[in-house]
Amino acid sequence: MGRLQKILIPFLGLVLAFCFYSARENFKPEMLKGKRVIVTGASTGIGEQMAYHLAQMGAHVLVTARTEAKLQKVNGGLDMLILNHVGKSYFSYFDGDIRHVQKLLDINFLSYVAMTVSALPMLKQSGGSIVVVSSMAGKVGFPFTVPYSATKFALDGFFSSLRQEFSIQNVNVSITLCILSFIDTENAVRAAADVLLMSPAPKEECALEIIKGGALRQREVYYKYALTKIPLLLRDWAAELLDYLVRQHYHVERPPAA
Ligand SMILES: *[C@@H]1O[C@H](CO)[C@@H](O)[C@H](O)[C@H]1NC(C)=O
């Protein structure tokens, strides 16, 4: 009996998990057809790839700069706001430059807030979605990206709190926070490839996963799953171990150039 239970209970768990996941809506590219989507930071990297995917799926894509000024001129309605742009930062030890932190907060955080405020009336009307591109560095402390990491943590605080308020107020606007690992964008590779001991994941697939998560109105997207969701399971229970594992992926004998 004891042995049977040992087998039966995990088995039942698996069956339930399978039913739960298969009951969830599946992604279809048609979900984006005719949707009005804004992508920021779409001139390079993941944003550019998202714009290609969206155009292929038949969405009306507006690629925009990082200011809300242009957004105020959008008057044909909006279904999805994908906030993706980041300001230039350095990949090195924190240099004490407070002005840089302020500037980066302006670009990586405050402009996301401003664009959300501008877009919200349209998104409320359409039952739309906000998709926020963040990073593992927005969930765990990483070395050499201190200002960047701070701005990404700020996004989590703002948008996770806002999601709670939407839920209380029955605001039908989904918020999807995307937690990304090291991706093979030109900028990330140039900054980190010599120091990070891991191979970057493909930006094309990454862009598609972000769009899927937004279309399915998921709370968070993890890409690559094994390098984000799984390590994050350690964060609250074995933080020192996770910190140690993170450091193991850095080449610290060869400190990055300042
Ligand atoms: C919320 O919006 C989604 C997508 O626009 C829609 O499918 C859903 O029915 C809406 N839910 C409610 C309760 O209005």
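What you are looking at is a predicted structure, and each value in this text was computed from that prediction instead of being measured. FYI, the numbering just counts along the sequence from 1. Remember, it's 1-based here, ligands and their atoms both numbered in the order they're listed.
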Fill in: Glu205 with Lys224: basic N within carboxylate O range, under 4.0 Å
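Here Glu205 pairs with Lys224 in a salt bridge, since their nearest N and O are under 4.0 Å apart.
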Discussion item. Do Glu165 and Val171 make a side-chain contact, defined as non-hydrogen atoms from C-beta onward lying under 4.5 Å apart?
Written reply: no
Fill in: Tyr225 and Glu209: side chain donor to acceptor below 3.5 Å
no
Worksheet item: Given Tyr112 and Phe158, is the ring-ring contact (aromatic ring centres under 6.0 Å, His included) satisfied, shown in steps?
Response: CA-CA 10 Å; Tyr112 281 44; Phe158 180 83; 9.8 Å; no
Item to complete: For His100, enumerate each residue passing the ring-ring contact (aromatic ring centres under 6.0 Å, His included) test, keeping only those at least two apart in sequence or located in another chain.
Response: Tyr90
Worksheet item: For the atom pair OG1 (Thr228) and CD (Glu220), what is the distance rounded to the nearest 0.5 Å?
Response: 10.0 Å
Worksheet, complete the sentence: Protein neighbours of ligand 1 with a heavy atom under 4.0 Å, given by chain and number, are Ser126, Gly127, Asn172, Arg217
